[in-house]
*Asks:* 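The structure is given below, and queries will be raised subsequently.
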2 protein chains.
Amino acid sequence: MATHSPLGATVFTDGACSGNPGPGGWAAVVARPEGRVHELGGFAPQTTNNRMEIIAAIEALTALGTDAGPVLLWTDSKYVLGAAGGWIAGWKRRGWRKADGIPVLNQDLWERLDPLLSARIVWRYVPGHAGNLGNTRADEIAVAFSKGRPVTLYDGPRAAYPYLEREPPTSGA
Amino acid sequence: MATHSPLGATVFTDGACSGNPGPGGWAAVVARPEGRVHELGGFAPQTTNNRMEIIAAIEALTALGTDAGPVLLWTDSKYVLGAAGGWIAGWKRRGWRKADGIPVLNQDLWERLDPLLSARIVWRYVPGHAGNLGNTRADEIAVAFSKGRPVTLYDGPRAAYPYLEREPPTSGA
RNA sequence: AGACACCUAAUGUC
DNA sequence: GACATTAGGTGTCT
């Protein structure tokens, strides 16, 4: 299965956090079906790795817009994947409590992600640090933001973008 | 209150189970009043965490012998603690049924533990994974057995044994 | 409803 | 080698 769907958008997201908790960064590589790619990123002075992973997904989907076509979103966070894949629905049913009755963490972010969810988004796992180009590039941007290092965010034609040619090594659940 | 009684034996027991149910291990650190310490451990290919916790206590008390002096037995299992502390007596009275009438589980093990019980044994709770040395060492041995990893079981003088000097951080019910 | 224990998985770091 | 961020579950009793 290809890294991107020719009829929809392809997205790679990642989060980073020096120290965890500590200063964090998030990143998204967004390839639109019209043939343009742009990279997004951001910083938070005090956060957690998981919050950065969630924000990366929120920002990517927000940038694409709710009325966009199909989206193939790759992340290495089983936390985000599980939430999007059904946990959020269960948490809402239980009043934002986990299975053990303790309140879910990061509810504020899940309530921002929830209205962005839809069947047109296909959520896919990509293993971190396994050589996948899109994930590696997103990691690079997120880490740069988390450390206050400069990064140049690409915004241009897909034909000239070097991080979307290969497939992820695996695509487990 | 000290981790050991100078006039009796001190024991730390623990159980582990990869997967739960799955392959399990049990362990006991037995410090005899004569000044020797020996470590015990064992494996079961398919079991539960609670069965391993019970077996650890059975094996420790069996090794000490029924005619030994006072025993201070530390465990992190409220299940074992409750059973030894009176549940077994109630179950026997009710024909090995719980309060709701459903048969008690692990009856085979409780019937092995029952004849080892006596007033000379003081059962004490030690919280798991809270830094207590004896509990941590028992955990290490039990996990090693459960995963088939090699462990060297100590058998020697107490003066040279490094896992019995400090007190448990708490000793609630 | 409560309690203790045993895990499973991914990521982020040091 | 260690720890933190987060979720899912089973084993068992009161």
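Just so it is clear, the values below take in all heavy atoms, side chains as well, and ignore hydrogens, waters and symmetry mates. All figures in this text were calculated on a predicted structure; none of them were measured in a lab. Reminder, nothing fancy here: chain letters follow the sequence lines and each chain counts from 1.
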*Asks:* Among C/rG12, D/dT5, D/dT12, which nucleotide has an atom closest to any side-chain atom of A/D139?
*Replies:* C/rG12
*Asks:* Looking at side-chain heavy atoms only, is the closest gap between B/L164 and B/L133 below 4.5 Å?
*Replies:* no
*Asks:* What is the distance from CG of B/L81 to P of D/dT14, rounded to the nearest Å?
*Replies:* 14 Å
*Asks:* For the side chain of B/Y79, starting at C-beta, report the closest nucleotide among D/dG11, D/dC13, D/dT6.
*Replies:* D/dC13
*Asks:* Checking side-chain polar atoms at under 3.5 Å, does B/Y163 have a donor or acceptor matched by the opposite partner on B/N132?
*Replies:* no
*Asks:* Taking atom C1' of C/rU11 as reference, at what distance in whole Å does atom CD1 of A/I55 sit?
*Replies:* 15 Å
*Asks:* How would you label the contact of A/W91 with the nucleic acid (heavy atoms, under 4.0 Å): base, sugar-phosphate, or nothing?
*Replies:* sugar-phosphate
*Asks:* Which part of the nucleic acid does B/V104 contact within heavy-atom distance under 4.0 Å: base, sugar-phosphate only, or nothing?
*Replies:* sugar-phosphate
*Asks:* Give the rounded distance in Å between these two atoms: CZ of A/R97 and C1' of D/dG8.
*Replies:* 18 Å
*Asks:* Could you please name the option among D/dA4, D/dG11, D/dT6 that lies closest to any side-chain atom of A/T48?
*Replies:* D/dT6
*Asks:* Would you kindly give the CH2-to-C1' distance between A/W123 and D/dA7, to the nearest whole Å?
*Replies:* 15 Å
*Asks:* Does A/Y125 make a side-chain N or O approach to OP1 or OP2 of C/rU11 shorter than 4.0 Å?
*Replies:* yes
*Asks:* Starting at CE of B/M52 and ending at C1' of D/dT10, how long is that distance when rounded to a whole Å?
*Replies:* 15 Å
*Asks:* Closest approach to the side chain of A/N106, judged atom by atom: which nucleotide of D/dG11, D/dT6, C/rA10 is it?
*Replies:* D/dT6
*Asks:* So which nucleotide from C/rG12, D/dT12, C/rA5 ends up closest to the side chain of A/D76?
*Replies:* C/rG12
*Asks:* Please report the distance, rounded to the nearest Å, between CZ in A/R51 and C1' in D/dA4.
*Replies:* 15 Å
*Asks:* In terms of side-chain heavy atoms of A/A16, which of C/rU13, D/dC13, D/dG11 is nearest?
*Replies:* C/rU13
*Asks:* B/D100 has an atom CG; how far is it from atom P of D/dT12, in whole Å?
*Replies:* 15 Å
*Asks:* Are B/P23 and B/P45 packed together at the side-chain level, in the sense that at least one heavy-atom pair is separated by less than 4.5 angstrom?
*Replies:* no
*Asks:* Please confirm whether any donor atom in the side chain of B/N20 sits under 3.5 Å from an acceptor in the base of C/rC6, or the reverse.
*Replies:* yes
*Asks:* Quiz question: going by heavy-atom distance under 3.5 Å, is there a donor-acceptor pair between the base of C/rU11 and the side chain of A/N50?
*Replies:* no
*Asks:* Before you tell me yes or no, could you show the steps for B/W123 and B/Y79 under ring pair (Phe, Tyr, Trp, His ring centres under 6.0 Å), namely the whole-Å CA-CA distance, both residues' side-chain angles and the distance that decides it to 0.1 Å?
*Replies:* CA-CA 12 Å; B/W123 296 80; B/Y79 184 47; over 10 Å; no
*Asks:* Give the rounded distance in Å between these two atoms: CH2 of B/W26 and P of C/rC7.
*Replies:* 16 Å
*Asks:* Do B/H129 and B/T136 make a side-chain contact, defined as non-hydrogen atoms from C-beta onward lying under 4.5 Å apart?
*Replies:* no
*Asks:* Nearest to the side chain of B/E53, which nucleotide is it out of D/dT5, D/dT12, C/rC6?
*Replies:* C/rC6
*Asks:* Which nucleotide sits closest to the side chain of A/P21: D/dA4, C/rC7, C/rG12?
*Replies:* D/dA4
*Asks:* With no hydrogens and no angle check, just 3.5 Å: does a side-chain donor-acceptor pair link B/N135 and B/D76?
*Replies:* yes
*Asks:* Would a 4.5 Å heavy-atom cut-off, applied to side chains only, mark A/L40 and A/W26 as touching?
*Replies:* yes
*Asks:* Would you indicate what B/G82 reaches in the nucleic acid, counting non-hydrogen atoms under 4.0 angstrom: base, sugar-phosphate, or nothing?
*Replies:* nothing
*Asks:* When you measure from the side-chain N and O atoms of A/K98 to the phosphate of D/dA7, is any distance below 4.0 Å, counting only OP1 and OP2?
*Replies:* yes
*Asks:* Under 4.0 Å, counting only non-hydrogen atoms across every strand here, what does B/G15 touch: a base, just sugar-phosphate, or nothing?
*Replies:* sugar-phosphate
*Asks:* Which nucleotide, C/rU8, C/rG12, D/dA7, lies nearest any side-chain atom of B/S18?
*Replies:* C/rU8
*Asks:* Which nucleotide sits closest to the side chain of A/N49: D/dA7, C/rC6, C/rU11?
*Replies:* C/rU11
*Asks:* Can you check whether A/H129 has a side-chain N or O nearer than 4.0 Å to OP1 or OP2 of C/rU11?
*Replies:* no
